[in-house]
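The analysis underlying the following values was restricted to heavy atoms, covering all of them including side chains, and did not include hydrogens, waters or symmetry mates.
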Amino acid sequence: MKQLSLDNLRALVAVVDMGGYAKAGEYLGRSQPAISLQIKRLEEQIGRRLFHRQGQKKQINADGLLLYRRARQMLNLNDDILREFEQSQLTGQLRLGLPSEFATRVLPSIIGDFSKAYPDVTLEVSCDLSKSLLRKDQRKEYDLILALDDEPGDPRPETLLQDELIWVARAGYQLNADNIALVAAPQGCIYRQRARHSLQQAGLRWRVSYTNADIGGITAALKEGLGITVLAKSTLPDELIELRHPALPNLGKVGINLFIQSEQHPQASSKLAEFIRARLA
């Protein structure tokens with residue numbers, strides 16, 4: 001009976017998640033040729049090509065995506081088992097900073113499982129705009145930061161995924177394309193900047209009808225029909241819908257980045273980062 005190597009599967013997942021062999025090698029602490037060899041061994045074992053060449057780059061194909069999804073399931077199960085039987089007791093207090101929309105959609109699936117696995121680690125969560133979280137004077141207040149960042153600096157972040165930005169409104173909202181009402185967070189919000197730039201480029205008239213830094217306040221305003229907003233697709237609240245209208249321009253994508261910068265509790269930070277990666281993936 002053949003047995004797939006979890007190390008080789010982890011290399012495949014890293015190549016896809018990190019966007020290339022070199023970045024996967026940096027993430028796993030291996031050389032690029034070592035990563036290439038692991039992918040080659042996987043291909044030989046299953047008898048299928050996992051990537052095809054597109055220009056100078058290798059792009060994952062249909063068989064590769066199928067194996068990637070199954071590999072993620074196997075790795076998550078493997079990691080869950082190890083966490084259950086892990087003998088070392090992690091302790092400490094972790095400070096996590098993230099925008100409120102991620103606190104609403106991502107955090108609930110993390111807190112319960114993480115607290116059960118590591119009951120002696122206290123998690124302190126703060127919500128703010130990505131720009132505020134990443135300010136030099138504020139960044140040092142956190143062990144981990146999950147944020148949107150169009151212009152990453154130092155320390156370099158880990159991009160967990162590229163998410164599509166979408167127009168959002170309540171169900172049944174009638175868009176006035178001649179004077180678009182925008183519900184948005186305050187100045188400095190990446191969503192607001194992308195909305196403004198896209199509408200201006202399309203030559204559309206628009207106005208800010210309501211401003212609130214919290215996703216709860218924005219959601220309430222949208223439900224009252226005060227306008228439309230922009231969000232990352234993965235953070236779309238259940239009460240709202242993606243608004244598709246021929247007048248609205250495409251918004252592109254944005255990177256969801258993880259900054260790990262803990263010096264006091266590096267092991268606990270690493271474990272929390274694993275949970276965040278798994279939930280976003």
Side-chain angles (χ1 to χ4, degrees), residues 6-7 9-19 23-24 26-29 68-128 130 133-134 139 141-149 152 155-163 215 231-238 254-281:
L6 288 178
D7 281 343
L9 292 176
R10 200 175 294 277
L12 172 66
V13 169
V15 169
V16 177
D17 289 348
M18 298 294 109
K23 290 184 178 179
E26 293 176 6
Y27 174 66
L28 295 174
Y68 166 81
R69 289 192 289 267
R70 301 302 294 271
R72 267 213 163 276
Q73 294 172 356
M74 291 181 66
L75 293 172
N76 287 340
L77 178 58
N78 173 81
D79 296 346
D80 286 343
I81 292 173
L82 288 177
R83 278 193 289 266
E84 287 180 13
F85 290 92
E86 194 172 37
Q87 295 301 313
S88 61
Q89 291 295 315
L90 296 182
T91 62
Q93 182 176 15
L94 292 181
R95 300 159 300 170
L96 171 64
L98 74 172
S100 60
E101 67 270 19
F102 289 100
T104 301
R105 298 294 295 180
V106 179
L107 202 58
S109 66
I110 296 174
I111 292 178
D113 290 343
F114 185 80
S115 297
K116 290 176 185 176
Y118 307 107
D120 294 327
V121 178
T122 302
L123 188 57
E124 180 183 321
V125 179
S126 299
C127 297
D128 208 335
S130 294
L133 293 170
L134 297 175
R139 177 181 288 181
E141 300 297 323
Y142 303 101
D143 299 298
L144 297 94
I145 298 174
L146 184 66
L148 308 175
D149 187 16
R156 300 294 295 180
E158 173 189 343
T159 299
L160 299 183
L161 63 89
Q162 291 284 326
D163 203 0
I215 187 62
L231 290 174
K233 194 167 188 176
S234 63
T235 67
L236 178 65
D238 294 333
V254 68
I256 299 175
N257 299 326
L258 180 64
F259 298 79
I260 306 173
Q261 49 196 30
S262 174
E263 296 180 358
Q264 291 184 323
H265 307 292
Q267 288 182 309
S269 293
S270 177
K271 292 299 180 183
L272 179 56
E274 286 180 17
F275 274 78
I276 294 173
R277 292 187 193 102
R279 297 312 183 270
L280 281 179

Check: Which residue, Leu133, Leu134, Leu146, forms the side-chain contact (heavy atoms from CB on, under 4.5 Å) with Phe259?
Finding: Leu134

Check: Under the criterion side-chain contact (heavy atoms from CB on, under 4.5 Å), which of Leu96, Val121, Asp143 is the partner of Ser269?
Finding: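 Testing each of Leu96, Val121, Asp143 against Ser269, the sole residue satisfying side-chain contact (heavy atoms from CB on, under 4.5 Å) is Asp143.
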
With rounding to the nearest 0.5 angstrom, report the [atom1] to [atom2] distance, [X] to [Y].
{"X": "Asp128", "Y": "Tyr142", "atom1": "CG", "atom2": "OH", "result": "6.0 Å"}
{"X": "Gln267", "Y": "Leu272", "atom1": "CD", "atom2": "CG", "result": "14.0 Å"}
{"X": "Ile256", "Y": "Asp163", "atom1": "CD1", "atom2": "CG", "result": "4.5 Å"}
{"X": "Glu101", "Y": "Ser130", "atom1": "CD", "atom2": "OG", "result": "6.5 Å"}

Do [X] and [Y] have side-chain heavy atoms sitting under 4.5 Å apart?
{"X": "Asp17", "Y": "Arg277", "answer": "no"}
{"X": "Ile276", "Y": "Phe102", "answer": "no"}
{"X": "Ile215", "Y": "Pro99", "answer": "no"}
{"X": "Phe114", "Y": "Leu94", "answer": "yes"}
{"X": "Arg69", "Y": "Arg72", "answer": "no"}

Check: Taking it one step at a time, do Thr104 and Thr235 satisfy side chain to side chain contact (heavy atoms under 4.5 Å, CB included)?
Finding: CA-CA 8 Å; Thr104 301; Thr235 67; over 6 Å; no

Check: What heavy-atom pair brings Pro237 and Leu231 nearest, and what distance separates the two atoms?
Finding: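 Result for this residue pair: CD-CD1, 3.7 Å.
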
Next item on the list: Kindly say whether Glu141 contributes a backbone atom to a donor-acceptor pair with the side chain of Arg95 at under 3.5 angstrom?
Entry: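 At least one qualifying donor-acceptor pair exists.
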
Next item on the list: Please assess Ile145 against Gln261 for the test side chain to side chain contact (heavy atoms under 4.5 Å, CB included), listing each intermediate value before the final yes or no.
Entry: CA-CA 8 Å; Ile145 298 174; Gln261 49 196 30; 3.7 Å; yes

